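The structure presented is a predicted model; accordingly, all values stated were derived computationally and were not measured.
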Amino acid sequence: FAYGAIKQLKDCSKIILSTLIMAGLSYFAMQFFMTPLIQLFVAVSVASVTYLVSTYLLKVRELDELTYALRKISGKKEI
């Protein structure tokens with residue numbers, strides 16, 4: 001088939017980069033807190049915001065699909 005491993009890696013590179021940024025910042029943010037419950041809350045919060053911002057800045061196409069699905073669910077019109 002005409003879709004090789006190198007092309008797949010190129011297509012996934014922005015998502016992989018966003019994931020690495022998210023993981024690094026979440027881990028770093030967790031180090032400031034001792035309580036596991038607070039660490040969990042901070043990690044989830046930082047990870048969510050970081051991933052959304054990094055995918056937006058890197059212009060990942062899948063983010064457009066997510067916003068389309070959320071608009072469709074909420075009943076809002078497309079822009």
Side-chain angles (χ1 to χ4, degrees):
F1 307 141
Y3 193 66
I6 300 298
K7 186 162 175 78
Q8 288 179 8
L9 285 174
K10 284 181 182 179
D11 287 344
C12 293
S13 64
K14 290 180 180 180
I15 295 172
I16 293 169
L17 180 60
S18 294
T19 304
L20 290 173
I21 293 168
M22 174 196 68
L25 288 177
S26 296
Y27 178 77
F28 182 72
M30 283 177 38
Q31 301 308 309
F32 292 107
F33 302 97
M34 298 300 289
T35 310
L37 186 61
I38 294 174
Q39 285 182 331
L40 178 65
F41 177 73
V42 167
V44 169
S45 301
V46 169
S48 300
V49 170
T50 304
Y51 189 74
L52 289 173
V53 169
S54 64
T55 54
Y56 176 77
L57 292 175
L58 292 173
K59 296 178 175 56
V60 175
R61 286 181 307 177
E62 286 75 14
L63 185 63
D64 294 335
E65 293 176 21
L66 176 65
T67 55
Y68 173 76
L70 290 175
R71 285 183 182 280
K72 190 173 181 182
I73 289 170
S74 67
K76 293 183 179 179
K77 294 184 180 182
E78 289 185 51
I79 299 174

Checklist outcome for this item: Correct closest heavy-atom pair for M30 and Q39 would be O-NE2, 3.3 Å
Checklist entry - Hey, is the main chain of R61 close enough, under 3.5 Å, to the side chain of E65 for a donor-acceptor pair? => result no
Checklist entry - Which pairs pass side-chain hydrogen bond (donor to acceptor under 3.5 Å, both in side chains) with one or both residues in residues 5-16, sequence neighbours excluded? => result Y3-D11
Checklist outcome for this item: Note: with side-chain heavy atoms under 4.5 Å as the link, the other cluster members for V42 come out as I15, L17, I21, M22, L25, F28, F32, F33, I38, V46, Y51, L58, V60
Checklist entry - So how far is it from K72 NZ to L70 CG, rounded to the nearest 0.5 Å? => result 12.0 Å
Checklist entry - Are V49 and L57 in one and the same hydrophobic cluster, where Ile, Leu, Val, Met, Phe, Trp and Tyr link if side-chain heavy atoms are under 4.5 Å apart? => result yes
Next on the checklist: Please check this pair: side chain of T67 against backbone of D64, looking for a donor-acceptor N/O pair closer than 3.5 Å.
Outcome noted: yes
